[in-house]
There are 2 protein chains.
Amino acid sequence: MTTVKDVARAAEVSVGTVSKVLSKDQTVKPALRARVLQAVETLGYKPNLAARALRTNRVSMFGLIVPDITNPFFAQLAKNIEAEAGQVAHTVMLANSDDDPEKEAQQVETLLNQSPRGLIVVGASRAALRGIKTQVPIVSVDRRYGSYRLISTDHQKASAMVADHFFGLGHRRIAYISGPQSTEVGRLRKKGFCDRISELATTGDPVSLVTREGQFNYLSGEENAYDLIGQAPDVRPTAIAAASDQQAIGALRAARDVGLAVPGDLSIAGFDDITLAGLVVPRLTTVAQPSGQIAKAAVHALLEEAADGGRDQVIAAQLEVRGSSGPAP
Amino acid sequence: MTTVKDVARAAEVSVGTVSKVLSKDQTVKPALRARVLQAVETLGYKPNLAARALRTNRVSMFGLIVPDITNPFFAQLAKNIEAEAGQVAHTVMLANSDDDPEKEAQQVETLLNQSPRGLIVVGASRAALRGIKTQVPIVSVDRRYGSYRLISTDHQKASAMVADHFFGLGHRRIAYISGPQSTEVGRLRKKGFCDRISELATTGDPVSLVTREGQFNYLSGEENAYDLIGQAPDVRPTAIAAASDQQAIGALRAARDVGLAVPGDLSIAGFDDITLAGLVVPRLTTVAQPSGQIAKAAVHALLEEAADGGRDQVIAAQLEVRGSSGPAP
DNA sequence: CTGAAAGCGCTTACAG
DNA sequence: CTGAAAGCGCTTACAG
């Protein structure tokens with residue numbers, strides 16, 4: 001490997017000068033700078049990052065811990081974070097916690113040992129709050145990790161947008177299939193939807209709202225939807241909002257099976273905007289989480305603050321109105 | 001931060017001895033070893049990895065470059081690689097190439113700058129073959145990168161298994177929806193299927209085989225399947241094999257739309273075993289890629305060899321027979 | 001078996 | 001504005 005020394009020799013300057021040129025120090029005279037740059041070019045010099053890290057105690061890496069990279073939303077998030085990190089010339093280390101607090105703690109430690117520039121973690125569901133002491137700034141994203149600041153979608157407001165959408169289309173018998181109320185996300189999404197419906201129901205026409213608790217998965221959506229739409233036509237809901245796209249797609253399937261037209265007889269909306277949401281027939285009305293903005297906010301939060309202590313940040317999501325929702329029958 | 005020096009002082013030994021204990025050098029006497037370990041424990045000493053890297057010129061990291069972490073197969077692969085790397089106390093840096101040779105080259109360079117223990121890359125589709133010189137061992141996985149050794153599923157044999165499965169169920173009018181023939185994977189899967197059918201057709205009953213070229217996606221599967229099953233009942237295929245699960249799920253949808261029972265009237269099989277394959281109704285017969293084994297093979301290939309130059313490795317996949325395939329009508 | 005010392009490749013006060 | 005030199009925290013021949 002060629003080192004600063006080689007470059008210094010070739011450019012006939014000291015290693016200190018080489019280092020200054022490389023770190024864009026302005027105090028080097030143009031003539032010297034040119035010689036150094038020339039030497040770097042011809043020698044194909046690449047700085048040894050380990051040496052730099054040792055000296056500066058700072059590595060151009062972020063650590064990212066997600067419960068499961070196989071989850072489409074986390075994969076999208078990881079992709080955006082990697083892209084955003086690339087913008088500031090950082091690389092990202094990825095680890096999975098399998099949604100297990102034990103393993104999460106271990107992964108945090110492993111990544112921290114690399115002394116990265118910062119750590120981004122999507123907390124495991126029932127995370128323990130054991131404190132870790134480190135100089136490395138940490139932010140949580142989507143689901144809080146420990147007591148670190150959280151950057152996430154505004155789940156409540158987003159759900160409220162779905163409620164507005166349905167109400168605006170004239171629906172007055174509405175159902176909500178929630179996520180598990182043991183999760184914060186499940187609670188926030190439900191609260192946002194139900195609170196808004198209550199609000200609309202008191203200021204406008206009366207609305208009948210029925211809610212069902214489910215898992216976030218496909219099957220749960222299908223089963224709950226079957227139950228809901230199995231009722232008499234003048235009783236069953238004309239619109240179903242689900243806490244996840246997977247649930248909504250399950251509901252779509254249920255509607256198809258019992259012969260209800262979507263959106264003619266029944267409107268359906270999901271949450272997340274996974275790839276499949278745009279592929280099903282009809283395409284699913286859903287909430288697109290601002291994964292790109294979350295990624296950007298997380299990276300910049302880490303870059304700017306020395307330790308944690310920033311405030312939580314909530315980012316507006318966007319309603320994607322597509323074919324699965326329409327005017328009430 | 002506490003350093004070897006602090007540990008040495010606390011244990012009343014030299015830093016060299018501390019280092020030896022930490023590197024599991026057997027030549028340290030139990031008494032000293034115990035004192036060192038004790039000091040490490042009480043001080044909470046963590047080695048500075050940058051310093052170690054500088055000294056040994058070796059980092060406990062792997063680089064992983066995939067076209068798109070958002071693709072479920074790559075996400076699964078990444079998860080397995082991370083797990084496997086964890087087993088040998090390595091961490092993994094992730095980068096996306098967006099399936100763009102330019103960006104891929106740049107990502108390779110970026111990760112190589114960290115001088116990782118090895119690089120695993122899933123090649124971009126139309127990758128340029130520009131050579132890079134590096135000491136870092138590189139393997140390609142799933143799709144070849146440059147001219148580096150490739151570790152991948154035995155696509156041909158796996159497709160042949162699907163052919164055997166259909167033939168064994170009595171199907172004699174069979175269709176194959178391929179992936180793009182511009183991709184190696186597309187070609188291999190098709191060849192494996194068609195060659196086996198030809199073989200069976202000459203040794204057993206005659207078989208009519210029709211193939212259609214498509215994209216790997218959902219829509220392509222749906223459209224091609226519509227065409228195929230739109231024919232007269234005595235002409236149309238009784239079984240359709242697709243080159244991807246996405247295509248197969250599209251075909252499932254097409255069958256449902258025209259009122260064909262699966263597997264009563266039509267058997268369908270996919271390839272990949274994505275999560276959704278187990279969720280659709282009926283559950284999809286498909287080929288499970290040995291992502292775990294591929295990950296393991298890749299990590300160990302990197303660990304064992306100093307440079308590239310190992311041989312390609314092809315790993316057997318497994319046929320998952322589920323509800324979407326049955327006896328010919 | 002243990003310790004003293006050199007050195008990995010950088011960056012950064014500090015002189016000049 | 002430039003160079004000489006110290007030092008980041010390790011590991012590893014080399015003496016003893």
Side-chain angles (χ1 to χ4, degrees), chain A residues 1-40 43-61 89 91 112-117 134-136, chain B residues 1-40 43-61 89 91 112-117 134-136:
Chain A
M1 283 309 303
T2 76
T3 71
V4 269
K5 233 168 168 173
D6 302 318
V7 175
R9 196 179 310 124
E12 300 181 292
V13 297
S14 73
V15 297
T17 301
V18 173
S19 179
K20 273 174 197 124
V21 170
L22 261 26
S23 64
K24 315 231 184 302
D25 187 318
Q26 292 305 331
T27 69
V28 181
K29 271 203 179 146
L32 286 202
R33 166 185 307 278
R35 262 162 46 205
V36 169
L37 260 19
Q38 171 66 36
V40 165
L43 295 178
Y45 167 74
K46 304 275 179 231
N48 179 317
L49 299 184
R52 179 176 291 169
L54 173 57
R55 218 12 252 257
T56 61
N57 207 14
R58 197 158 253 205
V59 181
S60 294
M61 292 194 295
T91 183
L112 245 26
N113 279 345
Q114 303 279 351
S115 48
R117 184 61 193 275
T134 171
Q135 317 277 28
V136 176
Chain B
M1 283 308 303
T2 76
T3 72
V4 269
K5 231 168 168 172
D6 301 318
V7 175
R9 194 178 312 122
E12 299 182 293
V13 297
S14 73
V15 297
T17 301
V18 172
S19 179
K20 272 173 198 125
V21 169
L22 261 27
S23 63
K24 314 227 185 302
D25 188 319
Q26 291 306 332
T27 69
V28 181
K29 273 206 178 144
L32 287 201
R33 168 187 307 280
R35 260 156 54 201
V36 170
L37 259 18
Q38 172 65 38
V40 165
L43 295 178
Y45 168 74
K46 303 276 177 230
N48 178 318
L49 298 185
R52 178 177 291 171
L54 174 57
R55 219 8 255 257
T56 62
N57 206 14
R58 199 159 251 203
V59 181
S60 295
M61 293 194 295
T91 182
L112 245 26
N113 279 344
Q114 303 278 353
S115 48
R117 183 62 192 275
T134 172
Q135 317 277 29
V136 176

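Each chain gets a letter, A, B and so on, in the order its sequence line appears, and its residues count up from 1.
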Participant: Shortest non-hydrogen contact from A:A8 to A:S14?
Facilitator: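 The pair with the smallest heavy-atom distance is CB-C, 3.8 Å.
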Participant: Taking the side chain of B:K29 as its heavy atoms from C-beta onward, which of C:dT2, C:dC10, D:dT2 lies nearest to it?
Facilitator: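 My answer, after comparing the listed nucleotides, is C:dT2.
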Participant: What is the distance from atom CG of A:L32 to atom CD of A:E12, rounded to the nearest 0.5 Å?
Facilitator: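 With rounding to 0.5 Å, CG (A:L32) is 10.5 Å from CD (A:E12).
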Participant: Assign each of B:G16 and B:L54 to its nearest nucleotide of DNA chain C by heavy atoms, then name whichever residue's nucleotide is nearer the 5' end.
Facilitator: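 Mapping each residue to its closest nucleotide by heavy atoms, the 5'-most match is B:G16.
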Participant: Within the 4.5 Å heavy-atom criterion, are A:V136 and A:P116 side-chain neighbours or not?
Facilitator: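 In short, these two side chains touch, coming nearer than 4.5 Å.
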Participant: Nearest to the side chain of A:T27, which nucleotide is it out of C:dT12, D:dG9, D:dT2?
Facilitator: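 The answer is D:dT2, which lies nearest to the side chain.
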Participant: Got A:V59 and A:Q114 here, is their nearest side-chain heavy-atom distance under 4.5 Å?
Facilitator: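 With C-beta onward as the side chain, the pair stays apart.
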Participant: Taking CG from A:N113 and P from D:dC10, how many angstroms apart are they, rounded to a whole number?
Facilitator: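 Computing the A:N113:CG to D:dC10:P distance gives 11 Å.
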Participant: Is a donor-acceptor pair below 3.5 Å formed from side chain B:K20 to base C:dG3, judging by atom type as modelled?
Facilitator: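 It does, because a donor-acceptor pair links the side chain of B:K20 to the base of C:dG3 below 3.5 Å.
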Participant: Distance check: side-chain N/O of A:S19 vs OP1/OP2 of C:dT11, anything under 4.0 Å?
Facilitator: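 Yes, such a contact exists.
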Participant: Return the value, rounded to whole Å, for the distance between atom CG of B:N48 and atom P of D:dG7.
Facilitator: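 Rounded to the whole Å, the gap is 17 Å.
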Participant: Over how many whole Å does the gap from B:K5 atom NZ to C:dA4 atom P extend?
Facilitator: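 So the NZ-P distance, B:K5 to C:dA4, works out to 13 Å.
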Participant: Is the phosphate of C:dT2, meaning OP1 or OP2, less than 4.0 Å from a side-chain N or O of B:T17?
Facilitator: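 False: B:T17 side-chain N/O out of range (4.0 Å or more) of C:dT2 OP1/OP2.
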Participant: Is any side-chain N or O of A:R52 closer than 4.0 Å to OP1 or OP2 of C:dT11?
Facilitator: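 The answer is yes; a side-chain N or O of A:R52 sits under 4.0 Å from OP1 or OP2.
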Participant: Could you tell me whether the side chain of A:V28 reaches within less than 4.5 Å of the side chain of A:T17, counting heavy atoms only?
Facilitator: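 A:T17 vs A:V28: side chains touch.
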Participant: Applying the Watson-Crick and G-U wobble criteria at under 3.5 Å, what pairs with D:dC1? Answer none if nothing qualifies.
Facilitator: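 C:dG16 - that is the nucleotide pairing with D:dC1, both distances being under 3.5 Å.
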Participant: Can you measure B:R9 atom CZ to D:dG9 atom P for me and round it to whole angstrom units?
Facilitator: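 That distance rounds to 12 Å.
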Participant: From NZ of B:K46 over to P of D:dC10, roughly how many Å is that when rounded to an integer?
Facilitator: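 Rounding to the nearest Å, NZ of B:K46 and P of D:dC10 are 12 Å apart.
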Participant: Mind calculating the distance between CG (B:N57) and C1' (C:dG9) to the nearest angstrom?
Facilitator: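 Rounding to the nearest Å, CG of B:N57 and C1' of C:dG9 are 10 Å apart.
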Participant: Within this structure, what is the CG-to-P distance between A:L43 and C:dG9, rounded to whole angstrom?
Facilitator: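 Between P of C:dG9 and CG of A:L43: 14 Å.
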Participant: Applying a 4.0 Å non-hydrogen cut-off, can you work out what A:L49 is touching in the nucleic acid: base, sugar-phosphate, or nothing?
Facilitator: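 Since no nucleic acid heavy atom lies under 4.0 Å of A:L49, the category is nothing.
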Participant: Closer to the 5' end of DNA chain C via nearest nucleotide, is it B:V13 or A:R55?
Facilitator: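 In this pair, the answer is B:V13.
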Participant: Compare the minimum distances between each of C:dT2, D:dT11, C:dC10 and the side chain of B:V28, then state the nucleotide with the smallest one.
Facilitator: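 Minimum distance to the B:V28 side chain belongs to C:dT2.
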Participant: Just N and O in the side chain of A:T3: are any of them under 4.0 Å from OP1 or OP2 of C:dG9?
Facilitator: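 For C:dG9, OP1/OP2 do not have a side-chain N/O of A:T3 under 4.0 Å.
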Participant: Taking any heavy-atom pair under 4.0 Å as a contact, classify A:L22: base, sugar-phosphate, or nothing.
Facilitator: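 Nothing, no nucleic acid heavy atom in range.
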